[in-house]
Amino acid sequence: MRLTGGRLQPLGCVLALSLMALVLWEIPGAWALDNGLAMTPTMGWLHWERFMCNTDCTEEPDSCISENLFMQMADLMDSDGWKEVGYEYLCIDDCWMAPQRDSKGRLQADPKRFPSGIRHLSNYVHSKGLKLGIYADVGKKTCAGYPGSLGHYDIDAETFADWGVDLLKFDGCHCDTVEQLADGYKHMSLSLNKTGRSIVYSCEWPLYMWPFKKPNYTEIRQYCNHWRNFGDIYDSWQSVKSILDWTSSNQRTVVSAAGPGGWNDPDMLVIGNFGLSWDQQITQMALWAIMAAPLFMSNDLRHISLQAKTLLQNKDVIAINQDPLGKQGYLLRKEDNIEVWERPLSKLAWAVAVVNLQEIGGPRSYTISLASLGQGVACNPACHITELLPVKTKLGFYEWTSFVKTRINPTGTVLLQLKNFTTETNGAKDLK
Ligand code: GLA
């Protein structure tokens with residue numbers, strides 16, 4: 001529904017605000033890690049949230065961390081449309097290793113759970129047209145207590161490259177000092193580069209840095225393709241909410257760090273599991289798109305509802321996440337338990353997410369002045385608006401002076417896409 005003729009902010013005020021927003025947010029993208037990877041946020045699957053450190057293949061053969069689990073997921077990523085929409089990296093997390101290095105000092109996979117070895121697994125994954133990710137830790141041990149890479153960065157990078165690994169998630173447990181942490185993350189980045197193999201480098205450097213000092217995101221971006229800032233995601237609304245709250249509270253620091261080649265990582269998608277209601281799953285998908293987040297699902301692709309699968313495979317929402325302009329969105333305003341987030345897209349388009357954080361009552365209406373969106377230019381002079389979530393609906397043509405009305409379920413989100421009318425008619429240039 002469209003409203004017109006309501007009160008507008010005077011034009012001068014809007015322009016001043018827009019200018020301020022440009023100064024605050026449009027800091028030119030700093031150098032990214034120069035490995036040509038992650039030009040859009042990485043997409044794939046990662047075992048941690050759903051399968052954790054389950055090593056008991058006797059009691060739980062179907063859900064223990066083993067080559068069977070990854071081969072089954074590879075089959076499904078290939079056959080069930082996941083690869084087709086962009087989920088490409090199949091990633092192993094902690095607990096894949098044997099408790100000791102081999103006689104040559106190399107990491108080795110647990111021989112019982114990965115009897116064919118990682119090289120074999122990577123061949124298998126590659127044969128499905130997918131890529132393989134692996135996990136290691138910058139310190140003395142991994143978070144779950146397996147061998148760490150401290151003092152072994154070169155040999156571990158070479159081992160991963162020899163095995164045909166395509167992504168490394170490098171955790172930050174068991175470091176003695178922040179200097180050791182920072183040096184280790186940089187060293188591994190250079191070690192990976194030296195192998196000559198294209199390996200996406202996924203860091204947790206800022207997460208482990210924050211308790212001691214404010215991370216230098218310009219530097220982190222020079223070494224990592226993405227980086228975790230905040231604690232681990234759980235399968236709960238409370239957890240998703242805490243990640244959104246952390247991100248909006250720190251957006252002045254983190255948003256400008258994101259861009260092609262380097263992204264803030266708010267952790268895995270838990271859609272398709274047990275803890276989120278349908279509306280909360282929509283919120284996670286919409287907001288991970290707004291945040292230009294790497295999309296790593298952690299779920300069981302063998303047992304997933306059609307509804308969750310359809311949401312995770314929503315091409316329109318994925319296109320927002322993967323938008324080539326590569327600018328992360330941010331919280332525009334919060335009032336009365338409603339949050340409005342927006343993200344600039346290529347071709348002068350914008351994505352807008354309206355989240356209803358009120359956990360009591362029913363759907364609530366919220367009306368937005370279009371002049372207040374997109375730094376005053378999103379819908380100037382006019383735009384086409386499509387609601388992408390919860391249900392794709394063309395809302396139609398709107399003028400800059402008009403209003404759009406949304407109706408949002410408790411803990412749910414309405415995701416809108418605004419396409420500037422001049423873009424469609426004149427092929428306007430991207431916002432710089
Ligand atoms: C840390 C990371 C998680 C996961 C576990 C594995 O907690 O943040 O994402 O990798 O370690 O032990």
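It should be emphasised that the depicted structure is a prediction, and the values quoted were computed from it without experimental measurement. Below, all heavy atoms of this structure are taken into account, side chains as well, without hydrogens, waters or symmetry copies. Counting begins at 1 with the first residue of the sequence. In listed order, ligands and their atoms are each counted from 1.
- For ligand 1 and R228, the ligand atoms under 4.0 Å from any heavy atom of the residue are 8 (O), 9 (O).
- Remark: the R106 side chain and the T159 side chain contain no N/O donor-acceptor pair separated by less than 3.5 Å.
- In this structure D183 satisfies the salt bridge (Lys or Arg N to Asp or Glu O under 4.0 Å) test with no other residue, sequence neighbours excluded.
- Contact annotation: the side chain of M71 approaches that of L121 to within less than 4.5 Å [non-hydrogen atoms, C-beta and beyond].
- D300 and R302 are joined by a salt bridge, as a carboxylate oxygen and a charged side-chain nitrogen come within less than 4.0 angstrom of each other.
- When each atom of ligand 1 is checked for a heavy atom of E204 under 4.0 Å away, the hits are 2 (C), 8 (O), 9 (O).
- Of all the atoms in ligand 1, the ones that sit under 4.0 Å from a non-hydrogen atom of C143 are 1 (C), 11 (O), 12 (O).
- Among all protein heavy atoms, the one lying closest to atom 9 (O) of ligand 1 is K169 NZ, 2.7 Å.
- The CG atom of L287 lies 5.5 Å from the CE atom of M291; values are rounded to the nearest 0.5 Å.
- Taking both residues in full, the closest heavy atoms of A74 and Y124 are given as CB-CE2, 4.2 Å, listed atom of the first, atom of the second, then distance.
- If you look at D171 next to ligand 1, the close heavy atoms, those under 4.0 Å, all belong to the side chain.
- For atom 5 (C) of ligand 1, the closest non-hydrogen atom on the protein side is W48 CE2, 3.6 Å.
- Interface atoms of ligand 1 facing D94, defined by a heavy-atom separation under 4.0 Å, are 6 (C), 12 (O).
- For Y201 and Y223, the distance between ring centers is not under 6.0 angstrom.
- At the top of the distance list for atom 7 (O) of ligand 1, counting protein heavy atoms only, stands D232 OD2, 2.6 Å.
- Remark: minimum distance from atom 10 (O) of ligand 1 to any protein heavy atom is reached at D93 OD1, 2.6 Å.
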